[in-house]
Structures are given as structure tokens and as C-alpha cells.
Amino acid sequence: MSTPPADPHLPAVHLRPPRNWINDPNGLVFHAGHYHVFFQYNPDAPQHANVHWGHARSRDLITWEQLPVALAPTPGGDDADGCYSGNAISVDGRLVAFYSAHRTGRWWQPVTTAESHDGGHTWAKRPESLIPQPPTDTTMYRDPYVWQQDGRWRMLVGSALADGRGAALLYESDDLEHWTYLGPFHTSSPADPADPAGWECPQYATFGDRGVLIVSDWTPQDGPSHVTVHTGHEEHGRFTTTAPPVRLDHGPDFYAPALLKAPEEDRWLLWGWSWEARDESWAHEAGWAGVLTLPREITLADDGTVGQRPARELLALRGERVLHRSEHVTRSGPVELGEVSRTFDLTAVLTPDPADTSGLRLITSADGSEYLHISFDPTACHLIVDRSHASLDARAREGVYTVPCPVARVPRTPVELRVVVDRSIAEIYLSTGQVLTVRFYPVGDGPWRLEAHTTGIAGSDFTVEAWDLNAVGLRHETLLACQLRDA
Ligand code: FRU
């Protein structure tokens, strides 16, 4: 039994297997007292190939157990080159997973299923795929999402239409076996045929008679891009939006999120995939790639805005409060707020200088040259996350990302942030519901510390609190289970 070497970038409270590759969360379902999270998983290498469905479960979203791999490609079968993404339902005491069967060289992935009668420990695949062929006018087809509505089963499948639009295709069934194709549920706007789009991993949440459709935007040229959310309502199998689509996450490293309907009324949770933002060779050396985001609660406001915040259960991960400061900061110099660990949860209320940029700097090298910078520009009304100096190692990606106008354009309106940092991932939540996920790879000699900055004359007010996060609950069983499996 080998103990994995300490890796300063391996997240401690975010869900992922200890080694190798992970991409999309799949099959998120509450079943018999557990939240089940399956995920695209290559058990053999930190690269996207030979994708299985890994499996973890939790009763409380805090302590996770890693269960045996749920789905593995069947040699010679329809899914011989990968059990691609999909979802799962809990019905009559069993779990049914709907997934995309991948064969190299076949542009569509037939929808197929597997069933488990023991809480997801063992699975039986159906012998033939459920929906072997896509409709004729499509050029991409994968990622089923099944849910029950008004007594019928419905399924969306991610697709690209021959005319260049991305689409979520709708099917219906009375018995989960016989499915009728009803056409596109919703599509992207007419596209430039020279620049076609596709929608991967459609997800659909209902809040009363309103609906939220989440799709992962993909193009044949560039592959995965970002995630958009469409709000509106559905009538007779067609979704009508009541607002233009917006980004679900404003960061560069967030894709293919999946929804879980929690047992409570109207409570929806969401996990996304956060990919690596460093050279493949580095991930290869490290032996792992990808991580799931924290579970997030999704809300739909009366004005149609979709909000996200960390699931309330995660407050229980907070350990020692390492910092609690209120400061008035002027341009005459940054104010040192104190040290933090490499896995922490922070809240900040920033009442910004009306004329200039103010924010927090997470400094990770003793000389201050390596830092992640989070600031607010009241003139442009942008929250800005700058990782241009976040790693002294040139193999880490750089970039500056913004959340457009998170607050009212009224001078000195406070900006409220919650920032969860876990070694190489930061999730930055605004109290207004927007979020930005970013990966960063500090290699500095630390310790990690926070500074408050402003370039304005009048100065800004900061109130900052930070807690260490306890990793024990989340990783312990995961590591243990994997070590036992590998022993
Ligand atoms: C999204 C995606 C899905 C596909 C899976 C393959 O990241 O490309 O469309 O089913 O990943 O791993």
C-alpha cells in the first residue's frame, strides 16, 4: 500500500479521487439517505481517456465515501471507448443511470442505461442501447438528463443541429423504456454556420412553473468553452426564455455542471467540473487532473436571476477562525490582515472607495511577488480576479477575469464576498449570487497571507473573517477507501 506524496495543489475539501483523471460530475441523485456523486473518471492516468463512472456518496455533504467504480467500458460493447456523461434517477428502490455510450470514430453517443439494486455498489447494463440513433438533423449527440414531471418521464439530450445551433433535444416516456422524440426543447440563437455551436450536458431544474436550463457550450473547433443558464418556462415541450442567457460561472475553469434535486422542496444542488489550468506535463507529474467544485445551492429570484452559494452544510467544515479584522484602507499603503492556511473560507464586506479599485490580495510567497488578486472597480462596476501573478511557475495559466456589475451602481455600495480557497482552486461567490471559479498554482515559499489594497484617495472599508477548513471529514474516508482498494 503506497501513501500518495503530499501535493500542495491537491485540493483537500473538494471532491475528487486521490489520483488520476476526473471530469464531469454525473448521475447526481439522492437515494436511500445518501447524496450520490458519480463522475467521469479514468482510473489509470491523469488524462481524458477510457472514461469510467467513479462514485462517491455522502449523507451530509461533508463526509464522503468513495465506492467502487460504478460503470466501466465493456470491451467490444457500445461503450467500449468510454461511459460518457449522463444522470441517474432513484425509482422504486433502484438506481437507474442514463449515460452516453462512446466508441471512437462514432460522432454520436447512443443513450443507454444501467441499473443498481444495491445503492450503486453493483450495476447491470442493458444489453442494447436505449436510444441507438440520433435524430437526422444533428451533428453531435450525447449526455442524457432524465427527470419526472407531471407523472411522465422526460429526457433532454445535448446536441448540435446541422444548421449550427446548439440544442437540448426532448424525449418523453411513460415507462422509462419507450421514448418518443419531441424535437428541440430549446436551442441557441441562429448561428453563423461557419461557427457552429453544440450544447453538452443539458440540465433542467424547475421552481414551481418556472424552469432553469443549464447547458455547457462546446464548439467542434475549440471543444468545451463555458456554461450558460437560460431561465423561462416550458409549454408543450418547448422552453421559452424570459431573459437573455447569462454565464453560470464567470471564471475560466468551470464546465459541465450537473444538478441534484435535494429531498427538500425546491432545493437544487449543483457541482461543476474545474479543469486544470496548467501544462499537461505538470498534471502528469502530479498524477492527477481535475476536481469537482463545492456543492452549490441554486436559487431563482423573482426577477429571474439564478444565484449560487456554497451548500449551507459546508459551514460545518469551518474550523478555527484565524482572522477577523475591520480596517479603513487608503492608498498610502496596503494593510496586512494576517495569515491563512492553504484551505480556508473567507467572508469580506468591502465598502469601496468610489473612485478607484480596492480589493484583497492573497500573497503566497515571502517576497510578495506571487499573489492572487481579487478587487472591485466601481467605475466599470466589475469584480476582477487577476491570476497573472498567481504562480511563479510559467507552466500555470495566467489571466484576468471579471464578474460584470455585481452590485447597484451607487457609490460606496458594499460588495459582499465569500471566497473558498482550497490549495489550487478558488471559488469566489458574491452575495448577489454570481460566482467565479479559478485554478491557480502557487509555488512560493509562503506562508499565505492576506492584504487589503486600494488605489483610491478616499479609502475603502474592509471587514474580513477567515476560517481554516477541516479537511478530515471529506478526505479521510475517500483516501482510506482507495488505499484499501489498492492494497
Ligand atoms: C463534457 C463532456 C461530455 C461527455 C464527457 C466525456 O465535458 O465532453 O459531453 O459526455 O465530457 O468525458
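In this text, all values refer to a predicted model and were calculated from it rather than measured experimentally. In listed order, ligands and their atoms are each counted from 1. What's counted below: heavy atoms across the whole structure, side chains too, no hydrogens, waters or symmetry copies.
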Lys/Arg N to Asp/Glu carboxylate O, D249 vs R296, below 4.0 Å: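 Result for this pair is yes, salt bridge flagged.
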List of N/O pairs, ligand 1 versus protein, all under 3.5 Å?
{"from": "ligand 1", "atom 1": "7 (O)", "to": "D24", "atom 2": "OD1", "distance (Å)": "2.8"}
{"from": "ligand 1", "atom 1": "7 (O)", "to": "D24", "atom 2": "OD2", "distance (Å)": "3.3"}
{"from": "ligand 1", "atom 1": "8 (O)", "to": "E200", "atom 2": "OE2", "distance (Å)": "2.9"}
{"from": "ligand 1", "atom 1": "9 (O)", "to": "R142", "atom 2": "NE", "distance (Å)": "2.8"}
{"from": "ligand 1", "atom 1": "9 (O)", "to": "D143", "atom 2": "OD1", "distance (Å)": "3.4"}
{"from": "ligand 1", "atom 1": "9 (O)", "to": "D143", "atom 2": "OD2", "distance (Å)": "2.6"}
{"from": "ligand 1", "atom 1": "9 (O)", "to": "E200", "atom 2": "OE2", "distance (Å)": "2.8"}
{"from": "ligand 1", "atom 1": "10 (O)", "to": "S85", "atom 2": "N", "distance (Å)": "3.0"}
{"from": "ligand 1", "atom 1": "10 (O)", "to": "D143", "atom 2": "OD1", "distance (Å)": "2.6"}
{"from": "ligand 1", "atom 1": "11 (O)", "to": "N23", "atom 2": "ND2", "distance (Å)": "3.3"}
{"from": "ligand 1", "atom 1": "11 (O)", "to": "D24", "atom 2": "OD2", "distance (Å)": "3.0"}
{"from": "ligand 1", "atom 1": "12 (O)", "to": "N23", "atom 2": "ND2", "distance (Å)": "3.0"}
{"from": "ligand 1", "atom 1": "12 (O)", "to": "Q40", "atom 2": "OE1", "distance (Å)": "2.6"}
{"from": "ligand 1", "atom 1": "12 (O)", "to": "H48", "atom 2": "NE2", "distance (Å)": "2.7"}

H233 NE2: over 12 foreign heavy atoms closer than 6.0 Å: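 Yes.
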Ring-face cation of R397 near W282 (centre distance under 6.0 Å, axis angle within 45°):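 No.
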K261 charged N/C atom sitting above W268 aromatic ring, 6.0 Å / 45°: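 The answer is yes, since K261 meets both limits relative to W268.
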Sub-4.5 Å side-chain heavy-atom contact between S388 and V400: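 In short, these two side chains touch, coming nearer than 4.5 Å.
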Pairs involving residues 151-179, ordered by first then second residue, that meet ring-ring contact (aromatic ring centres under 6.0 Å, His included) (sequence neighbours left out):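 Residue pairs with at least one partner in residues 151-179: Y171-Y181.
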